[in-house]
Amino acid sequence: MNIFRYFGERVEAAVSGLVSEGVLPPGLDLSRITVEPPRDASHGDLSTNAAMVLAKPAGAKPRELADRIAAKLAGEEAVTEVTVAGPGFINLRLKPAFWLARIPDMLRAGDAYGASDLGTGEAVNVEYVSANPTGPMHVGHVRGAVFGDALANLLEKVGYRVCREYYINDAGGQIEVLARSAMLRYREALGETISIPEGLYPGDYLKPVGQALAATHGKTLLEMDEAEALKIARETAVEAMMELIRGDLAVLGITHEVFFSELSLHRSGAVEKTLKKLEDKGLIYVGVLEPPKGELPDDWEPRPQTLFRSTQFGDDTDRALKKSDGSWTYFAPDIAYHLDKFERGYRTLIDVWGADHSGYIKRMRAAIEGVTGGEAEFDVKVCQMVRLFRNGEPVRMSKRAGDFVTLRDVVDEVGKDVVRFMMLTRKNDAPLDFDFAKVMEQSRDNPVFYVQYAYARIHSVLRNAAETGSYDLSDAALANADLSCLRDEAEMALVRLMATFPRQVEQAALAHEPHRVAFYLDDLAAAFHALWNKGKDDHSLRFIQADDRDATLARLALIRAAARVIAAGLGILGVEPIEEMR
RNA sequence: GGUCCCGUAGCUCAACCGGAUAGAGCAACAGAUUUCUAAUCUGUCGGUUGCAGGUUCGAGUCCUGCCGGGAUCGCCA
């Protein structure tokens, strides 16, 4: 149960009661009414702005209207106290029994706790990673990968039908470089001594590709037309690189449903078809762009080019679709790609990009609006850079000579779960520092540990209970425990926080911000650790009470539910909970 | 120079797409805990939310202009 949604309905009922009594006019817009936890807990359990929002359109004074609504809400079964405060807030306090009744909800829901039908099965496409298939994934790709995956989990959790998608840039110039690099390795595999010139990929990961080419084709590639040979090398290399990348992603626990090839758009004629569509709408023309302001690129010269009228949709300048050699720019097939997603039935398109692509957002948004007639909702989530540290010292990386930290390096060193959690401890558009030492630290400082430790502590208690007493610790049994002895403020604080989880998940999903789940889990862990420590001070608050079976069962139900919530939250982040840490 | 992102406590960051007295952690200081795991907890100190206007009953949040940091800037992807 989402208590905020529930009371949102109760507030609406109170308002429509006032409408039928003639106190309020009919036809009021209720959409801006919110029911939230007040920022300051001393104000109560729930707070609504209904009176302030409705006052003006109803021609009423906010405080007076608040009093009328409050009087109606006071009759609610679960409510113990209603107050009107400040400019017209209505604050509700709920019966402890109402909060406690959420515990069996949680135990019965298990992993599904926090799930909802908010998305009503709507299809959403999340495109993330989409790293060029020119080598293994490096650390720069990790954040977007984790973010996109967690966002997909989050949207699924609240009832969207999510497609996780990867766009393979297998048609550009970098792929030509890859093909040439692979050819070189092929010669090497045939026994030639090679040196890798500047501009080609030097990494050892292309050696197996060269060997595979040699094994399959013998010396025949050397004898055929170079373009023909490069084509074969390219296909083999791209396939091998995608295998590499899929493996890297698997290490992070990421699986895409769709891998979409850029090349397929070229081959199928989808690019031409898409641009024809734009042309028919008068959105394409041949023209000369103004030179960019400020320092000019060295080789700049005015030149007529095929342009998309993205300025018509709010972009700063129109954008080139063809290179001077007549081939497509990156932009052209990308429009076709996004149209393809739309035509596959996705009305909500989410792209996860690195910060270095943020200058591309306006034109893509413009293109999608143009090509779909404004029918698609397009959101780009930009992930800022991750700065690597080792014991506070920045990790130096130079792209030359393959001297970069790979995704596998990081995961091998600290583990998948630590990487995933840490990547979500900052808002996506804020830079993130990742310190190899710090993320392994076992301290309050380290949120991964702190949350995992709360979960482990709970399981420690449960193990202890299983050994020392004859309790039925199944969720089904605990869900039937008499919870009335849970009265302490620390216990209630924990319960209230757990009960807000469904709302937190919904809000995070609507904002496309999975990091909120990570922050919530840190708060939840804090509430649990606080309760634990209170039991040190006051032994009557310990979870296991040898001489009080009812109290023990109630508390085991409480902490078991807390563990369930932590697991549900970690599940969204794609992190495995740990039952024992020693 | 244009565009986008960021600017919140000494430090690292939140703040639920406009709500009440802006919250956590770290650091500092003062305490608790001989444990259901002494990897934890409690308290104190700490703020003109970069600056100046505007919209609003109400602004860290929206708008405008500055200041500062980052990213990016016709054919890379």
Side-chain angles (χ1 to χ4, degrees), chain A residues 32 34 36-40 42-43 47 49 52 55-56 62 85-89 91 130-132 134 169 172-175 262 288-297 299-303 305 307 315-320 322-325 327-331 334 354-362 382 384-385 425-427 429-431 433 441-447 449-450 453-454 456-458 460-465 468 500 503-504 506-508 510-513 515-516 519-520 522-523 526 529-537 539 542-545 555 559 580-582:
Chain A
R32 286 178 58 222
T34 59
E36 302 177 332
R39 219 176 247 181
D40 186 339
S42 69
H43 291 139
S47 175
N49 63 354
M52 291 179 293
K56 192 174 247 183
F89 287 100
N91 295 321
S130 299
N132 290 337
T134 55
N169 300 129
Q174 291 181 20
I175 294 301
E262 177 189 349
V288 180
L289 285 179
E290 291 287 311
K293 298 269 167 68
E295 210 169 321
L296 285 180
D299 58 347
W300 197 91
E301 54 184 79
R303 187 182 288 150
Q305 13 181 22
L307 298 168
D315 199 359
D316 315 295
T317 175
D318 292 335
R319 302 293 179 175
K322 274 186 185 174
K323 301 181 192 174
S324 54
D325 67 1
S327 65
W328 300 117
T329 61
Y330 181 77
F331 186 36
D334 210 11
D356 54 341
H357 286 56
S358 53
Y360 194 77
I361 295 175
K362 278 190 182 178
V382 168
Q384 282 290 342
M385 305 187 40
T425 53
R426 288 285 175 271
K427 222 171 2 187
D429 54 10
D433 291 348
E441 214 172 82
Q442 303 203 324
S443 74
R444 175 67 184 99
D445 238 358
N446 178 2
F449 163 75
Y450 189 70
Y453 185 45
R457 267 186 156 173
I458 290 171
S460 172
V461 177
L462 294 172
R463 282 191 298 271
N464 207 291
T468 59
T500 65
R503 178 172 187 276
Q504 300 272 4
E506 280 191 6
Q507 295 291 334
L510 288 172
H512 298 168
E513 289 185 350
H515 77 275
R516 293 191 194 186
F519 280 93
Y520 169 82
D522 194 83
D523 287 346
H529 287 306
L531 177 59
W532 172 287
N533 252 79
K534 220 169 166 182
K536 288 185 171 183
D537 217 24
H539 285 214
R542 294 194 175 194
F543 304 121
I544 298 174
Q545 299 287 326
R555 287 175 185 161
I559 62 172
E580 189 167 3
M581 302 172 97
R582 285 283 181 184

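No hydrogens, no waters, no symmetry mates; every other heavy atom, side chains included, goes into these values. Since we're looking at a predicted model, the values are computed, not measured. In what follows, every chain begins at residue 1, and chains take the letters A, B, ... in the order their sequences are listed.
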Subject >> Residues that A:Arg516 engages under side chain to side chain donor-acceptor pair (under 3.5 Å), provided they are two or more places apart >> reply: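 Checked A:Arg516 against side chain to side chain donor-acceptor pair (under 3.5 Å); matches are A:Glu513.
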**OP:** List the protein contact pattern of nucleotides 4-12 of chain B with one symbol per nucleotide (5' to 3'): B for base contact, S for sugar-phosphate-only contact, - for none; contact means a heavy-atom distance under 4.0 Å.
**Re:** SSS-----S
On a whole-Å scale, what distance lies between the [atom1] atoms belonging to [N] and [M]?
{"N": "B:G2", "M": "B:A20", "atom1": "C1'", "result": "41 Å"}
{"N": "B:C63", "M": "B:U55", "atom1": "P", "result": "15 Å"}
{"N": "B:A27", "M": "B:G46", "atom1": "C1'", "result": "11 Å"}
{"N": "B:G25", "M": "B:C45", "atom1": "P", "result": "14 Å"}
{"N": "B:C67", "M": "B:A28", "atom1": "C1'", "result": "32 Å"}
{"N": "B:G70", "M": "B:U12", "atom1": "P", "result": "15 Å"}
{"N": "B:C41", "M": "B:C26", "atom1": "C1'", "result": "16 Å"}
{"N": "B:A15", "M": "B:G54", "atom1": "C1'", "result": "24 Å"}

Within this structure, what is the [atom1]-to-[atom2] distance between [X] and [N], rounded to whole angstrom?
{"X": "A:Glu290", "N": "B:G74", "atom1": "CD", "atom2": "P", "result": "14 Å"}
{"X": "A:Leu531", "N": "B:U40", "atom1": "CG", "atom2": "C1'", "result": "12 Å"}
{"X": "A:Met52", "N": "B:G58", "atom1": "CE", "atom2": "P", "result": "12 Å"}
{"X": "A:Asn49", "N": "B:A59", "atom1": "CG", "atom2": "C1'", "result": "15 Å"}
{"X": "A:Tyr360", "N": "B:C73", "atom1": "OH", "atom2": "C1'", "result": "14 Å"}
{"X": "A:Asp356", "N": "B:C76", "atom1": "CG", "atom2": "C1'", "result": "11 Å"}
{"X": "A:His529", "N": "B:U33", "atom1": "NE2", "atom2": "C1'", "result": "15 Å"}
{"X": "A:Met385", "N": "B:U72", "atom1": "CE", "atom2": "C1'", "result": "13 Å"}

Original post:
Would you say B:C57 has OP1 or OP2 under 4.0 Å from some side-chain N or O of A:Lys56?
Top reply: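 Checking B:C57 against A:Lys56, a side-chain N or O does come within under 4.0 Å of OP1 or OP2.
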Using a 4.0 Å heavy-atom cut-off, does [X] contact any base of the nucleic acid, only the sugar-phosphate backbone, or nothing at all?
{"X": "A:Pro62", "result": "nothing"}
{"X": "A:Ser47", "result": "base"}
{"X": "A:Asn91", "result": "base"}
{"X": "A:Thr329", "result": "sugar-phosphate"}
{"X": "A:Ser443", "result": "sugar-phosphate"}
{"X": "A:Phe449", "result": "base"}
{"X": "A:Tyr450", "result": "sugar-phosphate"}
{"X": "A:Ala465", "result": "nothing"}
{"X": "A:Gln545", "result": "nothing"}
{"X": "A:Ala530", "result": "sugar-phosphate"}

Subject >> Rounded distance (nearest 0.5 Å) linking atom CG of A:Asp334 with atom OH of A:Tyr360 >> reply: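 The OH atom of A:Tyr360 is 4.0 Å from CG of A:Asp334, to the nearest 0.5 Å.
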Subject >> Rounded distance (nearest 0.5 Å) linking atom NZ of A:Lys536 with atom CG of A:Leu531 >> reply: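 Atom-to-atom, A:Lys536:NZ and A:Leu531:CG are 12.5 Å apart.
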**OP:** Report yes if the side chains of A:Arg444 and A:Asp522 come closer than 4.5 Å at any heavy-atom pair, otherwise no.
**Re:**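 Counting from C-beta outward, A:Arg444 and A:Asp522 do come under 4.5 Å.
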Original post:
Can A:Phe89 be classed as stacking with the base of B:A20, given a centroid separation cut-off of 5.5 Å and a plane angle cut-off of 30°?
Top reply: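 A:Phe89 ring centre within cut-off of B:A20 base, planes near parallel; stacks.
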Subject >> A:Arg457 vs A:Gln305, nearer the 5' end of RNA chain B by closest nucleotide >> reply: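 By nearest-heavy-atom nucleotide position, the 5'-most residue is A:Arg457.
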Subject >> Residue met sooner reading RNA chain B from 5', once A:Tyr330 and A:Arg542 are mapped to nucleotides >> reply: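 Residue closer to the 5' terminus by nearest nucleotide: A:Arg542.
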May I ask you to verify whether the side chain of [X] and the base of [N] hold a donor-acceptor pair under 3.5 Å?
{"X": "A:Arg463", "N": "B:C36", "value": "no"}
{"X": "A:Ser130", "N": "B:A77", "value": "no"}
{"X": "A:His515", "N": "B:A14", "value": "no"}

Of all residues at least two apart in sequence or in a different chain, which pass the salt bridge (Lys or Arg N to Asp or Glu O under 4.0 Å) check with [X]?
{"X": "A:Arg457", "answer": "none"}
{"X": "A:Asp537", "answer": "none"}
{"X": "A:Lys322", "answer": "none"}
{"X": "A:Arg542", "answer": "none"}

**OP:** Would you please enumerate the stems RNA chain B participates in, each stem being three or more consecutive Watson-Crick or G-U wobble pairs with both distances under 3.5 Å?
**Re:**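 Looking at RNA chain B, the stems formed by three or more consecutive pairs are B:1-7 with B:67-73, B:10-13 with B:23-26, B:28-32 with B:40-44, B:50-54 with B:62-66.
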Would you tabulate the nitrogen or oxygen pairs shorter than 3.5 Å linking the protein to nucleotides 21-32 of chain B?
residue: B:A32; atom: O2'; partner: A:Asp537; partner atom: OD1; Å: 3.4

All side chain to side chain contact (heavy atoms under 4.5 Å, CB included) counterparts of [X], not counting sequence neighbours:
{"X": "A:Asp429", "result": "A:Lys427"}
{"X": "A:Asn169", "result": "A:Asn132, A:Tyr167, A:Glu262, A:Tyr330"}
{"X": "A:Ala454", "result": "A:Ala525, A:Phe528, A:His529, A:Ile566"}
{"X": "A:Met581", "result": "A:Phe449, A:Gln452, A:Tyr453, A:Ala456, A:Ile578"}

Nearest non-hydrogen partners of [X] and [Y], listed with the distance:
{"X": "A:Lys323", "Y": "A:Trp328", "result": "CE-O, 3.3 Å"}
{"X": "A:Thr134", "Y": "A:Gln174", "result": "CG2-O, 3.9 Å"}
{"X": "A:Ser358", "Y": "A:Val382", "result": "CB-CG2, 4.2 Å"}

**OP:** Looking only at side-chain atoms of A:Phe519, point me to the closest of B:C17, B:A77, B:C13.
**Re:**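 Among the listed nucleotides, the one closest to the side chain of A:Phe519 is B:C13.
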